[in-house]
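Reading through the structure tokens given below for one structure.
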Amino acid sequence: MKKHAIIPIFIPHKGCPNDCVFCNQRKITAKTSDVTPEDVKNIIEKYLKTLKGRGLSTIEVAFFGGSFTGIPMDEQSALLSVAFAYKKAGKIDYIHLSTRPDYINSKILDNLKDYGVDVIELGVQSFDEKVLRLCKRGHTAGNVESACRLIHDYGFTLGIQLMIGLPGDSMETCIASARKAVSLKPSIARLYPTVVIAETELAEMYKRGDYRALTTEEAVAITKEMYRILTAAKVKVIRVGLKSTDLISNQGTNNTVLADYHPSFRQLVESELARESIEQQLKDLLTKVEYGAPLSICCVSAPRLVSAMSGYKGSNRNLWHEKYPNVHFIFRGDESLEDGYFKLEKL
């Protein structure tokens with residue numbers, strides 16, 4: 001049963017100074033109205049009514065949009081004060097926001113602290129200077145490191161968002177970004193394969209042939225290695241890939257996707273990780289039993305990953321039934337197991 005709930009509040013990118021090549025939020029924002037404190041109150045109230053009685057351990061208000069601390073300070077305070085009132089009343093547990101690395105400084109963090117913010121996610125995207133420049137991010141890797149240090153110094157929970165397959169990217173730059181992220185000790189991370197969306201500079205680069213989008217298979221191959229690096233360092237990967245609903249703004253604007261996009265990308269990545277881990281353990285186990293003897297194996301993971309062990313649309317299960325006809329596979333969840341860890345039990 002899900003124990004953690006998020007109340008999402010989307011803040012348009014009015015605070016963002018940049019036109020990153022992959023983003024069309026400025027065009028969307030031009031068609032939307034500002035979010036007011038009254039809107040925040042109404043959203044929280046609406047969600048709290050639906051969440052009541054579900055036995056949740058934590059409820060979190062999350063301000064999404066990518067550049068929260070770029071909006072004027074008085075507007076930040078007005079929005080946060082509403083969430084903070086619910087937190088002080090014990091109706092929510094955490095306040096969470098996302099922003100840019102170059103919109104973090106002591107004045108900003110002092111204000112966030114005053115309003116009870118708990119989690120700050122940074123849209124880092126890459127630690128490679130060439131990639132950042134080609135994407136017109138407007139900040140450097142050094143800005144990211146400075147922001148992360150400040151966030152830690154203030155006692156906030158740090159999150160880092162990385163993208164895969166940006167202009168100038170490669171397997172090597174993506175892996176290096178994951179390793180650099182680990183060195184900055186975030187608690188959570190998100191991994192997003194680049195999606196080519198209409199009405200962006202990246203879309204024009206794609207149409208001209210100046211940018212080649214990763215295939216789904218290529219994106220999975222890179223992302224699973226980054227996921228492995230992060231989870232091995234005890235960083236919780238809370239999102240892998242964009243949901244289909246993320247490609248439609250909260251005002252209903254359709255962001256047409258021009259290249260490969262898979263709505264179940266996270267399951268593809270986690271299915272591959274599960275297959276590789278379980279197959280290696282299975283090979284080790286089969287060397288210790290009589291060749292061809294019937295065998296029952298229980299594949300165990302955190303409950304959330306049971307479907308990943310079976311594979312996307314049962315792909316792992318089908319593969320193993322074909323490769324190991326004498327082995328009977330059972331899949332089980334175990335609350336005590338960490339996310340991303342898979343083990344076998346001989347029955």
Side-chain angles (χ1 to χ4, degrees), residues 20-24 66 121 123-128 130-132 134-135 137 159-182 186 188-198 200-233 235-248 255-277 304-305 307-313 315-316 319 339-340:
C20 300
V21 298
F22 51 80
C23 181
N24 71 348
E121 283 192 59
V124 174
Q125 320 316 358
S126 176
F127 283 95
D128 187 88
K130 178 183 176 183
V131 173
L132 293 174
L134 289 173
C135 291
R137 282 296 291 168
I160 286 180
Q161 302 171 6
L162 296 173
M163 293 180 68
I164 296 97
L166 290 166
D169 245 340
S170 64
M171 170 71 87
E172 292 72 26
T173 59
C174 289
I175 294 301
S177 286
R179 289 179 175 148
K180 184 62 180 179
V182 164
I188 57 176
R190 298 176 193 257
L191 298 174
Y192 293 122
T194 301
V195 177
V196 182
I197 298 174
T200 63
E201 186 173 344
L202 188 64
E204 297 308 309
M205 294 165 64
Y206 175 74
K207 291 174 184 176
R208 293 195 306 266
D210 295 336
Y211 168 76
R212 187 185 76 82
L214 294 176
T215 65
T216 297
E217 291 74 19
E218 289 170 330
V220 168
I222 297 171
T223 306
K224 73 178 180 183
E225 297 306 325
M226 298 173 71
Y227 184 112
R228 207 191 308 268
I229 289 166
L230 290 162
T231 55
V235 179
K236 185 174 183 180
V237 181
I238 61 174
R239 172 70 62 195
V240 181
L242 290 168
K243 297 184 294 184
S244 57
T245 51
D246 291 330
L247 297 174
I248 301 175
N255 296 335
T256 306
V257 177
L258 303 183
D260 268 14
Y261 166 73
H262 199 291
S264 299
F265 187 78
R266 178 168 196 149
Q267 190 176 14
L268 293 179
V269 170
E270 291 177 336
S271 294
E272 278 286 294
L273 290 164
R275 180 186 61 76
E276 291 175 3
S277 176
R304 186 187 68 78
L305 289 169
S307 62
M309 291 191 295
S310 181
Y312 179 66
K313 294 186 176 180
S315 57
N316 290 346
L319 173 68
D339 234 14

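Atoms considered below: every heavy atom in the structure, side chains included; atoms not considered: hydrogens, waters and symmetry mates. If you read the sequence from its start, that first residue is 1, and numbering goes on from there.
Minimum heavy-atom separation, Gln161 to Gly123: OE1-CA, 3.8 Å. A pairwise comparison of heavy atoms in Ala221 and Met171 identifies O-CE, 4.0 Å as the closest pair. Smallest separation of non-hydrogen atoms from Val269 and Lys224: CG1-CA, 3.8 Å. In terms of heavy atoms, Ala308 sits closest to Ala274 at O-CB, 3.8 Å. The minimum heavy-atom distance between Ala203 and Ala198, with the atom names listed, is CB-CA, 4.3 Å. Considering every non-hydrogen atom in both Leu202 and Pro167, the closest pair reads CD1-CG, 3.7 Å.
Of the candidates Leu214, Thr215, Leu268, Val240, Leu268 is the only one forming a side-chain contact (heavy atoms from CB on, under 4.5 Å) with Val220.
Residues Arg239 and Glu121 are not in side-chain contact: their nearest non-hydrogen atoms beyond the backbone lie 4.5 Å or more apart. Counting heavy atoms from C-beta outward, Leu162 and Phe127 have side chains that approach closer than 4.5 Å. Between Val21 and Thr200 there is no side-chain heavy-atom pair separated by less than 4.5 Å. No side-chain heavy atom of Leu134 sits under 4.5 Å from any side-chain heavy atom of Met205.
Using a distance-only test at 3.5 Å, with no hydrogens or angles considered, no donor-acceptor pair links the side chain of Tyr227 to the main chain of Leu191. The backbone N or O of Gln267 sits less than 3.5 Å from a side-chain atom of Ser271, completing a donor-acceptor pair. A donor-acceptor contact shorter than 3.5 Å links the side chain of Thr173 to the backbone of Ser170.
Tyr312 is linked by a ring pair (Phe, Tyr, Trp, His ring centres under 6.0 Å) to His262, counting only residues two or more places apart in sequence or in another chain.
The distance from the SG atom of Cys174 to the CD atom of Glu225 is 11.5 Å, given to the nearest 0.5 Å. The distance from atom CG of Leu166 to atom SG of Cys135, rounded to the nearest 0.5 Å, is 4.0 Å. The distance from the SG atom of Cys20 to the CD atom of Glu201 is 10.0 Å, given to the nearest 0.5 Å. Note that CD of Glu218 is 11.0 Å distant from OG1 of Thr223, once rounded to the nearest 0.5 Å. Atom CZ of residue Phe22 and atom OH of residue Tyr192 lie 11.5 Å apart, to the nearest 0.5 angstrom. Between Arg137 atom CZ and Cys23 atom SG the span is 8.5 Å, to the nearest 0.5 Å.
For the pair Arg304 and Asp339, the salt-bridge criterion is met [side-chain N within less than 4.0 Å of a carboxylate O].
The salt bridge (charged side-chain N to carboxylate O under 4.0 Å, His left out) pairs that include a residue from residues 160-181 are Glu145-Lys180, where partners are two or more places apart or lie in different chains.
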Might you work through the side chain to side chain contact (heavy atoms under 4.5 Å, CB included) test for Thr194 and Tyr211, ending with a clear yes or no?
CA-CA 11 Å; Thr194 301; Tyr211 168 76; 3.7 Å; yes

